[in-house]
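A note on names: the letters A, B, ... follow the listed sequences, proteins ahead of strands, and every chain is numbered from 1.
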There are 2 protein chains.
Amino acid sequence: MSLTDKAIEQIRELIRTGALPPGSKLPPEPDLAAQLGLSRNLAREAVKALAVARVLEVRRGDGTYVTSLQPSLLLEGLGGAVELLQGDSVALQDLMEVRRLLEPVATALAATRISDAQLAEVKGHLEAMREARDDVEQLNAHDAAFHRAVVSATGNESLLTLLEGISGRTLRARIWRGLVDDKAAGRTLAEHEAIFRALSTRDAALSQAAALLHVSNTEQWLREHLRSSEPLPVGTTERN
Amino acid sequence: MSLTDKAIEQIRELIRTGALPPGSKLPPEPDLAAQLGLSRNLAREAVKALAVARVLEVRRGDGTYVTSLQPSLLLEGLGGAVELLQGDSVALQDLMEVRRLLEPVATALAATRISDAQLAEVKGHLEAMREARDDVEQLNAHDAAFHRAVVSATGNESLLTLLEGISGRTLRARIWRGLVDDKAAGRTLAEHEAIFRALSTRDAALSQAAALLHVSNTEQWLREHLRSSEPLPVGTTERN
DNA sequence: CACTGCAATACATGCCATGTCTGGTGATCG
DNA sequence: CGATCACCAGACATGGCATGTATTGCAGTG
């Protein structure tokens, strides 16, 4: 185990035990290095690794601080991880299966908690999708926002971040492109409407069923296109 | 955005686009630094950050390689993230809620796929728990193995890693200590037996119900003890 | 002659020390 | 009250030495 790894462990321990509470400031690099018993260089490596993991935040010219350690921050890196395992069809289908398991129950929970304002937001994205018929970019954006709004209504930040992470921006974009090409956008839109109607009546079971139908159809579509079409187009989507 | 961050992005892009497939070797540090247009120090920081995220693997004296990029590897860091947000009771309850949503459906799925051999393994851990009545350490270990075996029967690696991650080793240990103190170990054991019996008959609905009951009871226990007892004992559990 | 064992070597990362540069903050002065 | 400047933080570069690993080549042996 390298000294850098030990340093990372030490800092993590300090945070875990509460010696470094969220928002607190770390010593300057030279002092930190001295405390950890290593050179500035390795201290920087450790800090950088934890900063990438959203555990620390370095403000240039000011200092290094512990982040808020909110679940939404810590679990955020999950999305980045998902982006890397594209191309492995097995892994993609596994993730879709997780989404098929989790999103319906999350939607059911949302049905029991959603407020009128949140319902209105969901409706807004639904209508935006309806109007953006052939604009893949817009469709994708409002689709993502639709699901985000639904899951967000559970009030569970961790749940939201997890689901957002496993959904995967790039994957979703690819699916929508394919759906439009297949003229299947209409059916997908209808599925969203079903989810919204179920949420409107606060019917948990119905919401769950509608969500399952939707995710399941998407999963089915993905499975077929992973089998038949080209191995996998990668890097053809630009970032936001 | 710092040069190190750019370097991390560049390497990630190379991996994402397939220019650096899993298992491939990166150039030596000096060459890599030259290619990225920065000093060896910053190249090391970038590599270290990606190594911590299990995207790269550095073998001293040999070279730096891209890992297998298996979901189980990439999502592994999630467990480490969860350990850090202890003490924030809201975040803990949110995570328990996710587990309450996900584990029952995962168990139901497992019921439809579990093999006789896997069933035997589950049974083994159940009996081990029964015999280890008052040994918190043993109870905890076999409890974790029990759930791991169940979810593992789904054949979905990503699902397994996610659930293991959000369960949290340290949290589970704390709960078991409390359960034994409350003389509630017997009831918890009975819940595990119910899950096993349901799995034995390959009854998905029953398995789901049994798992929900179990996780829900655990969640309830945690909620009460987060409210009443001391703020939170931290750092009182040794690592494995 | 082919093969095995080992030692020397080349090359990889690990780690350190020290320097300059640049941005941010806060005090100071008009 | 606002502009300015000094200081302190991290950002980045360079060069060197330490140490671990894989490979190469040679010796000895079947």
- Query: side-chain contact (heavy atoms from CB on, under 4.5 Å) between B/Glu103 and B/His147: does it pass, once the steps are laid out?
  - Reply: CA-CA 9 Å; B/Glu103 184 142 344; B/His147 289 287; 2.7 Å; yes
- What is the distance from CG of B/Leu56 to C1' of C/dT13, rounded to the nearest Å? 14 Å
- Looking at DNA chain D, which of residues 25-35 of chain B put a heavy atom within less than 4.0 Å of it? none
- Query: Of all residues at least two apart in sequence or in a different chain, which pass the ring-ring contact (aromatic ring centres under 6.0 Å, His included) check with B/Trp221?
  - Reply: B/His225
- Item | Residue A/Asp62, side-chain heavy atoms: nucleotide from C/dT13, D/dA11, C/dT25 that is nearest | C/dT25
- When rounded to whole Å, the CD to P distance for the pair B/Glu45 and C/dC15 reads 14 Å
- Presence of B/Arg59 side-chain N/O under 4.0 Å of C/dT13 phosphate oxygens OP1/OP2: no
- Message: Tell me if a side-chain donor or acceptor on A/Thr67 pairs with a main-chain N or O of A/Val55 at a distance below 3.5 Å.
- Response: yes
- Between atom CG in B/Asp5 and atom P in D/dG10, what is the gap in whole Å? 16 Å
- Query: For A/Arg54, does the CZ atom have more than 12 heavy-atom neighbours from other residues, nucleotides or ligands under 6.0 Å away?
  - Reply: no
- Task: Name the closest nucleotide to the A/Leu42 side chain, picking from C/dC16, C/dG14, D/dA11.
- Result: C/dC16
Protein N or O to nucleotides 15-19 of chain D N or O, pairs below 3.5 Å:
from: D/dG16; atom 1: O6; to: B/Arg40; atom 2: NH1; distance (Å): 3.0
from: D/dT19; atom 1: O4'; to: B/Arg60; atom 2: NH2; distance (Å): 3.1

- Message: Going by side-chain contact (heavy atoms from CB on, under 4.5 Å), name the residues that satisfy it together with B/Val52, two or more places apart in sequence or in a different chain.
- Response: A/Ile8, A/Ala49, B/Lys48
- Task: Look only at the side chain of B/Arg60 and the backbone of A/Ser2, and say whether a donor-acceptor pair between them is shorter than 3.5 Å.
- Result: no
- Item | Spacing of B/Leu50 atom CG relative to C/dT13 atom P, expressed in whole Å | 15 Å
- Item | Side-chain N,O (A/Thr4) to OP1/OP2 (C/dG14) below 4.0 Å | no
- Terminal axes of the helix from C/dC1-D/dG30 to C/dG30-D/dC1 (5 end pairs apiece), angle rounded to 10 degrees, sit apart by 10°
- Message: Counting neighbours of CZ on A/Arg172 that are heavy atoms of other residues, nucleotides or ligands and sit closer than 6.0 Å, is the number greater than 12?
- Response: yes
- Okay, side chain of B/Arg113, backbone of B/Thr154: is any donor-acceptor separation there less than 3.5 Å? yes
- Message: Between B/Asn156 and A/Asp94 (side chain of the first, backbone of the second, donor and acceptor by atom type, cut-off under 3.5 Å), is there such a pair?
- Response: yes
- Given atom CZ of B/Arg44 and atom P of C/dC16, what is their separation to the nearest angstrom? 10 Å
- Item | Contacts of type ring-ring contact (aromatic ring centres under 6.0 Å, His included), residue A/His125, not counting sequence neighbours | A/His142
- Atom CD of B/Glu13 and atom NZ of B/Lys6: how far apart are they, to the nearest 0.5 Å? 15.0 Å
